[in-house]
Amino acid sequence: NNNLENFDSFLFNGIENSLETLILTNNMIKNLKKYYFIGLVRIKILKIANNKISSIESNTFLTLTNLEELDLKNNFLFEIKADLFKDNIL
């Protein structure tokens, strides 16, 4: 609930190796860029519900190799590209 519209991966400097849950719900995020989550290799839970997300770049979740739960509900996504997770191990 911070009215966050966008951010950069440097936001997580210093905690990227210990962060396992990231909750970005109820913000104003419109797009997910492929560099947003670089370095967050320990993330297991990523909640980005209740934003204004209308697009997600390819490879956005590529470095989230431990991701177990992704919550994108209540956004403005009309389609998810077939290759969005093509390089992820599911």
Side-chain angles (χ1 to χ4, degrees):
N1 287 345
N2 294 314
N3 292 323
L4 186 67
E5 290 185 27
N6 55 52
F7 56 95
D8 206 329
S9 58
F10 72 86
L11 180 66
F12 308 109
N13 283 353
I15 60 169
E16 66 272 10
N17 291 321
S18 61
L19 195 60
E20 293 186 3
T21 300
L22 180 57
I23 301 173
L24 296 168
T25 56
N26 300 312
N27 281 290
M28 304 293 282
I29 300 168
K30 295 178 183 174
N31 303 301
L32 292 181
K33 307 289 186 186
K34 61 184 171 188
Y35 58 84
Y36 278 1
F37 305 112
I38 289 176
L40 300 179
V41 296
R42 294 189 53 136
I43 292 287
K44 292 181 180 178
I45 300 170
L46 178 57
K47 296 187 177 198
I48 321 172
N50 302 316
N51 279 280
K52 298 185 179 302
I53 298 169
S54 60
S55 68
I56 302 173
E57 289 185 5
S58 295
N59 296 320
T60 295
F61 307 113
L62 183 63
T63 62
L64 301 180
T65 55
N66 289 306
L67 190 63
E68 297 174 2
E69 180 183 335
L70 175 61
D71 184 358
L72 289 166
K73 70 177 171 261
N74 296 323
N75 278 290
F76 297 126
L77 290 168
F78 294 103
E79 68 177 339
I80 294 179
K81 296 176 185 174
D83 68 346
L84 183 62
F85 296 100
K86 74 177 176 85
D87 293 322
N88 288 78
I89 299 171
L90 300 175

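What you are looking at is a predicted structure, and each value in this text was computed from that prediction instead of being measured.
- No continuous path of ILVMFWY side-chain contacts below 4.5 Å connects Ile23 to Met28, so the two sit in separate hydrophobic clusters.
- Linking Ile, Leu, Val, Met, Phe, Trp and Tyr whenever their side-chain heavy atoms come within less than 4.5 Å puts Ile38 and Ile15 in one cluster.
- For the atom pair OG (Ser55) and CZ (Phe76), the distance works out to 12.5 Å, reported to the nearest 0.5 Å.
- Nearest approach of Asn27 to Leu24, heavy atoms of both residues: ND2-O, 3.0 Å.
- Of the possible donor and acceptor atoms, none in the side chain of Asn66 sits under 3.5 Å from a partner among the backbone N and O of Lys44.
- Using a cutoff of 4.0 Å between basic side-chain nitrogens and carboxylate oxygens, Lys47 and Glu69 are scored as salt-bridged.
- Between Leu77 and Ile53 the shortest side-chain heavy-atom distance falls below 4.5 Å.
- For the atom pair CG (Leu64) and CG (Asn59), the distance works out to 11.0 Å, reported to the nearest 0.5 Å.
- Ile48 pairs in a side chain to side chain contact (heavy atoms under 4.5 Å, CB included) with only one of the listed residues (Leu32, Asp71, Ile56), which is Leu32.
- For Asn50 and Thr25, the side-chain atoms include no donor-acceptor pair closer than 3.5 Å.
- At a threshold of 4.5 Å between non-hydrogen side-chain atoms, the residues Leu40 and Leu46 do not count as touching.
- Under the salt bridge (charged side-chain N to carboxylate O under 4.0 Å, His left out) criterion, the residue pairs touching residues 21-37 are Lys33-Glu57, with sequence neighbours excluded.
- Side-chain N or O atoms of Arg42 include none that pairs as donor or acceptor with a backbone N or O of Glu20 at under 3.5 Å.
- Side-chain contact between Ile43 and Phe37 is absent, with no heavy atoms from C-beta onward closer than 4.5 Å.
- Under the 4.5 Å side-chain heavy-atom criterion for grouping Ile, Leu, Val, Met, Phe, Trp and Tyr, Ile45 is not connected to Leu62 through any hydrophobic cluster.
- The main-chain N or O of Tyr36 is never found under 3.5 Å from a side-chain atom of Thr60 such that the two would form a donor-acceptor pair.
- Here the closest heavy-atom approach between residue Leu72 and residue Asn75 is recorded as O-ND2, 2.8 Å.
- Put simply, CG on Asn51 and CG on Asn31 are 11.0 Å apart, with the number rounded to the nearest 0.5 Å.
- If you chain together hydrophobic residues whose side chains sit under 4.5 Å apart, Leu22 and Leu70 fall into the same group.
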